[in-house]
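Here's the structure, in structure tokens; my notes come after.
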Number of protein chains: 2
Amino acid sequence: MPAVSDCTNMLDSETKAVETPEDHAEELRLWLRLLTCTTLIEGEVRGRLRQRFDVTLPRFDLMAQLDKAPDGMTLSDVSKRMMVSNGNVTGLVERLVESGHLDRRTSETDRRVQVIRLTKLGRAEFRRMAAEHETWIADLFADLTPKDVRELMRLLAKTKGSAQKSAARRRP
Amino acid sequence: MPAVSDCTNMLDSETKAVETPEDHAEELRLWLRLLTCTTLIEGEVRGRLRQRFDVTLPRFDLMAQLDKAPDGMTLSDVSKRMMVSNGNVTGLVERLVESGHLDRRTSETDRRVQVIRLTKLGRAEFRRMAAEHETWIADLFADLTPKDVRELMRLLAKTKGSAQKSAARRRP
DNA sequence: CCGAATTGTTTTAAGCCTAAAATGTTTTCC
DNA sequence: GGAAAACATTTTAGGCTTAAAACAATTCGG
């Protein structure tokens, strides 16, 4: 094919994009690697929590949210923070109330709202688990230098922003 | 306290580590951010797969593994690659065989082993989904420059190695 | 003030996931 | 050859998770 024709095609970037779809293999590999890292670490933490404290990761995560909120949280708050569905939280809270780790009461001012808090037992157990949990995380990331950590934090913040924008584009 | 005493204490790094536990807040925040990113993207992909193709993410992931293995894989292979339990794969495969996407047969040479493959239908559907999936991922990571992507790949590779070493230390 | 939209939670139905025990098969090694 | 170890898969029991529908309470607008 003559050079002139090639040149014409190259200038029509609109058409070119349609005809030769872009290659996103790098982003795909990045996503898979991100997923692998998370799955690996999550599985490790899950196993250690079960072995050492006979507790599940979701229960631990929920208690972690409540530990940061001494005045309690509503179920919706928890659901948003943990990025899980409402119904999921309902069941999780049910079991933790049952085991005496959580206290649930209906709000005085808005009878739709359930406010949950850690009980004394719940807080004590969480603190004990959290201290050990922190050392596990440190160990899992042990090979990273402080600079690596900072750089990862920065890039993941950028990734989070990018993903949030993309999600918002689809669901405005 | 006199300077001399301070100096003595500082030199005894063994003792110091025990008396003042190290601060791993940065690693903890890094882990939470990593988890947030993954959860965010995973949720987005899950939702799009359901809306566009009425398929679940685990099914898609399983088909993705098989697409890379034209000669099929054993259930154990799949289980290791996907980093999920054996029993999980059994159920997943059951449903995909039922829906006509997978073909399962007992190995001729080893009657313990089940070999699974994509059917023609399964492969066609997967390819269709995968093409679109790739554009979603590209969009979710759109704000990252090629340099960002390379740097993240490098740091996540290091993270993966670190976590694997840590896991191996616990379970040799 | 009252109907309609909104908000917070629970329920439902289905599927995903795990750890551990059970089952069936092959290999190892005396 | 045969017991024992190793391996691949399935089963079991329990918990997690989601989307969507249902329910309950509050707020908003006319």
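All values derive from a computational prediction rather than experimental measurement. Residue numbers start from 1 in every chain, and the chains themselves are labelled A, B, ... in the order their sequence lines are given, proteins ahead of strands.
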Result for 5'-nearest mapping on DNA chain C, choosing between Q114(A) and M82(B), is Q114(A)
From CD of E94(A) across to P of dC16(D) the rounded distance in Å is 11 Å
Closest of dT18(C), dT26(D), dT10(D) to the T90(B) side chain is dT10(D)
I116(A) CD1 to dG8(C) P, in whole Å, measures 14 Å
**Prompt:** When we call it a touch if two heavy atoms are under 4.0 Å apart, what does S79(A) touch: a base, just sugar-phosphate, or nothing?
**Reply:** nothing
Testing dT25(C), dT18(C), dG8(C) for proximity to the side chain of N88(B), the answer is dT18(C)
D54(B) CG to dA14(C) C1', in whole Å, measures 12 Å
Here the distance between atom P of dA19(C) and atom CZ of R48(A), to the nearest Å, is 14 Å
#### Entry: No-H, no-angle donor-acceptor pair, R112(B) side chain to dT9(D) base, under 3.5 Å
no
R111(B) has its side chain closest, among dG15(C), dT10(D), dT25(C), to dT25(C)
Of G87(B) and L92(A), the one whose closest nucleotide on DNA chain D sits nearer the 5' end is G87(B)
Does S76(A) reach a base, just sugar-phosphate, or nothing at all? Heavy atoms under 4.0 Å. sugar-phosphate
Ignoring hydrogens and angles, tell me if any N or O in the side chain of S166(B) forms a donor-acceptor pair with the backbone of S162(B) under 3.5 Å.
no
(message) Under a 4.0 Å threshold between the charged nitrogen and the carboxylate oxygen, would R169(A) count as salt-bridged to D139(B)?
(response) yes
With a 4.5 Å limit on heavy-atom distance, are the side chains of L152(B) and L156(A) in contact? yes
Between CG of D110(A) and P of dA24(D) the distance, given in whole Å, is 15 Å
When rounded to whole Å, the CE to C1' distance for the pair M83(B) and dT18(C) reads 15 Å
**Message:** Base, sugar-phosphate or nothing for T56(A)? Non-hydrogen atoms, less than 4.0 Å.
**Reply:** sugar-phosphate
ask   = Are T74(B) and D77(B) close enough that a side-chain donor and a side-chain acceptor fall under 3.5 Å?
value = yes
Tell me, do V149(B) and F141(B) make a side-chain contact under 4.5 Å, heavy atoms counted? no
To the nearest angstrom, the CD-C1' distance between E44(B) and dT18(D) comes to 15 Å
*asked:* Any side-chain N or O of R104(B) below 4.0 angstrom from OP1/OP2 of dT10(D)?
replied: yes
Among the nucleotides dT9(C), dA19(C), dA20(D), whichever has the atom closest to the side chain of R50(B) is dA20(D)
Closest to the side chain of P58(B), out of dT9(C), dC17(C), dC16(D), is dC17(C)
Classify the side-chain pair N86(B)/S79(B) by whether it contains a donor and acceptor separated by less than 3.5 Å. yes
Atom CG of N86(A) and atom C1' of dT6(C) are separated, to the nearest Å, by 14 Å
* Asked: Can you check whether R46(A) has a side-chain N or O nearer than 4.0 Å to OP1 or OP2 of dA19(C)?
  -> no
